[in-house]
Protein chains: 2
Amino acid sequence: METVATPVKGRPREFCVDMALAAALRVFWSKGYEGASLNDLTEAMGITRPSLYAAFGNKEALFRKALDLYETEKLAYVGKSLAEPTARGVAEHLLRGSMENQTSTCEPHGCLGVISSVACGEEAECIRLEVLERGKVARRALVERFERAKVEGDLPESVDVEGLTSFLYALLQGMAVQAGAGATRADLERMIDTSMIMWPSK
Amino acid sequence: METVATPVKGRPREFCVDMALAAALRVFWSKGYEGASLNDLTEAMGITRPSLYAAFGNKEALFRKALDLYETEKLAYVGKSLAEPTARGVAEHLLRGSMENQTSTCEPHGCLGVISSVACGEEAECIRLEVLERGKVARRALVERFERAKVEGDLPESVDVEGLTSFLYALLQGMAVQAGAGATRADLERMIDTSMIMWPSK
DNA sequence: CCGTTTCCATATCGAGCGGTATATAATCAA
DNA sequence: TTGATTATATACCGCTCGATATGGAAACGG
């Protein structure tokens, strides 16, 4: 996981880039892009301001790299969920994976994507658009998965796939809001159980 | 709607307090508490900074008054929804009322409560707690309404009322997130239609 | 040893933040 | 008219923001 090509010349870096990025992710995750100040970031990362700029460019570039890390490490369950054999299994795994991701005892609660798209001033608009775009990509994958489920017969023909996807997305987003507001894992579990009882088809 | 007891002495105010407050609400609604700067507020309200402080106290007091206005004027549909004869009617009216409130063509999209509770730095924590508390009050009313629905028989005995309430809240919050992200009224309508198909009972 | 390169530490930049001091303008009671 | 009272207008306060300039410390090839 170490950065591969450390330049041989010059003074070597005194911190681990990956660990610093992971620390930055936690700060963004709990405070949002604009809520995370450079003081917050450098303190959590254990480095100074010029080191941060030398290693990551600027705050926006750092956020994008943190977002990449978030997707690959924290949202791995999304890809796995899509591989479930039925639409119902996809939805349930998405909901439960999201719940675990958003109520971990050792990481911030809530969802980085939701926080970043809601809590975003107009000067960081491009950050917001970036986050929304990534969300749309995942949404399209979900729509296609449900279309397939219809073909395969585990989703009733009468279901509006777009509506169902928005419905599931709303549950995921609402769960993120509630997790950020202090809901416990048990709270969310009851919500998911109730949701799954209503899920169409079998 | 004019402020009743205008003091008879001294130079009279040159602006309407209610209109200024309504303008401030729109700014908070679209940008959140911290995202709304005093320049944003004064410009939208058409008054200067000292006038704002003389009339409203400070930014936090202004926000609380805007929050009161939001509840009484924009969330009036909540109380009406609770008076619906069935649990299903309550849910549907809440969802559709929320949709209309969040996708008005002449007002900001999304929900002031969701924006304010998600997009809130740590120095404005008391604002966040205030918003969350108001949300909890409404949630309790919803739980009681669904308990009553069980007694009255229009909600199956097997339903977990807390879970159902969290479920409905999640839909409302998710809808706010999507509306803030640019979802159209038609998008949300499909989501609500799909949700209502799944609603338990009647 | 040297010169080069890269990194770290401190101090600082200009801009925007929430909030206010000061002076002037407008209205009332007398 | 005069004095008291209140609103407005301008300029400013201390502070934090993201971002950098500067100078020295640590590694390398020669």
Side-chain angles (χ1 to χ4, degrees), chain A residues 2-21 24 27-28 31-66 116 119-128, chain B residues 2-21 23-24 27-28 31-66 116 119-127:
Chain A
E2 195 70 33
T3 308
V4 188
T6 303
V8 283
K9 291 209 273 190
R11 177 176 172 176
R13 194 170 266 139
E14 293 182 1
F15 64 94
C16 169
V17 174
D18 294 313
M19 287 188 183
L21 182 59
V27 177
F28 283 128
K31 303 193 165 194
Y33 176 71
E34 298 204 287
S37 73
L38 279 183
N39 281 340
D40 296 331
L41 291 165
T42 53
E43 186 182 356
M45 300 164 83
I47 64 177
T48 63
R49 224 172 270 229
S51 297
L52 189 155
Y53 278 81
F56 299 101
N58 59 14
K59 187 184 177 184
E60 183 177 329
L62 174 63
F63 179 82
R64 285 182 205 274
K65 286 169 185 166
S116 303
C120 189
E122 53 202 6
E123 75 178 22
E125 183 75 5
C126 60
I127 288 288
R128 187 172 152 267
Chain B
E2 196 71 31
T3 306
V4 188
T6 303
V8 282
K9 293 208 274 195
R11 175 175 175 177
R13 194 169 266 137
E14 294 182 0
F15 63 94
C16 169
V17 174
D18 294 313
M19 286 189 184
L21 182 58
V27 177
F28 283 128
K31 302 192 166 195
Y33 175 71
E34 299 205 285
S37 73
L38 281 182
N39 281 341
D40 296 330
L41 291 165
T42 54
E43 185 183 356
M45 298 165 84
I47 64 178
T48 62
R49 223 171 273 229
S51 297
L52 188 155
Y53 277 79
F56 300 101
N58 58 15
K59 186 184 177 182
E60 183 177 329
L62 174 62
F63 179 81
R64 286 181 204 277
K65 285 169 185 166
S116 303
C120 189
E122 54 203 5
E123 77 176 21
E125 183 74 5
C126 60
I127 288 288

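From a predicted model like this one, the values you see are computed outputs, not experimental measurements. Within every chain, numbering begins at 1; the chains are lettered A, B, ... in the order of the sequence lines, protein sequences first and strands thereafter.
- Residues passing the salt bridge (charged side-chain N to carboxylate O under 4.0 Å, His left out) test with B/Glu123, sequence neighbours excluded: none.
- Here D/dC15 presents its C1' atom at 11 Å from CD of B/Glu123, a figure rounded to the nearest Å.
- DNA chain D is contacted by A/Ala36, A/Ser37, A/Leu38, A/Asn39, A/Arg49, A/Pro50, A/Tyr53 of residues 36-54 of chain A, taking any non-hydrogen atom closer than 4.0 Å.
- In this structure, CD of A/Glu34 is placed 14 Å from P of C/dG16, rounded to the nearest angstrom.
- Partners of B/Lys59 according to the salt bridge (charged side-chain N to carboxylate O under 4.0 Å, His left out) rule, which considers only residues two or more places apart in sequence or in another chain, do not exist here.
- Take B/Lys65 and apply the salt bridge (charged side-chain N to carboxylate O under 4.0 Å, His left out) test, not counting sequence neighbours, and it matches no residue.
- The nearest whole Å value for the distance from the CG atom in A/Asn58 to the P atom in D/dC17 is 17 Å.
- Residues that satisfy the side-chain hydrogen bond (donor to acceptor under 3.5 Å, both in side chains) test with A/Arg64, not counting sequence neighbours, are A/Glu60, A/Glu130.
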Only distances under 3.5 Å count here; give the side-chain donor-acceptor pairs of residues 41-51 of chain A to other protein atoms, sequence neighbours excluded, each with its distance to 0.1 Å.
| from | atom 1 | to | atom 2 | distance (Å) |
| --- | --- | --- | --- | --- |
| A/Thr42 | OG1 | A/Leu38 | O | 2.8 |
| A/Thr42 | OG1 | A/Asn39 | O | 3.3 |
| A/Thr48 | OG1 | A/Ser51 | OG | 3.2 |
| A/Arg49 | NH2 | A/Asn39 | OD1 | 2.5 |

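- To the nearest angstrom, C1' of C/dC7 lies 9 Å from CZ of A/Phe15.
- Residue B/Lys9 places none of its side-chain N or O atoms closer than 4.0 Å to OP1 or OP2 of C/dT27.
- Ranked by how close their nearest DNA chain C nucleotide is to the 5' end, B/Glu14 and B/Lys59 are led by B/Lys59.
- Heavy-atom contacts from other residues, nucleotides or ligands closer than 6.0 Å to CD of B/Glu125 number more than 12.
- Neither OP1 nor OP2 of C/dA25 sits under 4.0 Å from any side-chain N or O of B/Arg11.
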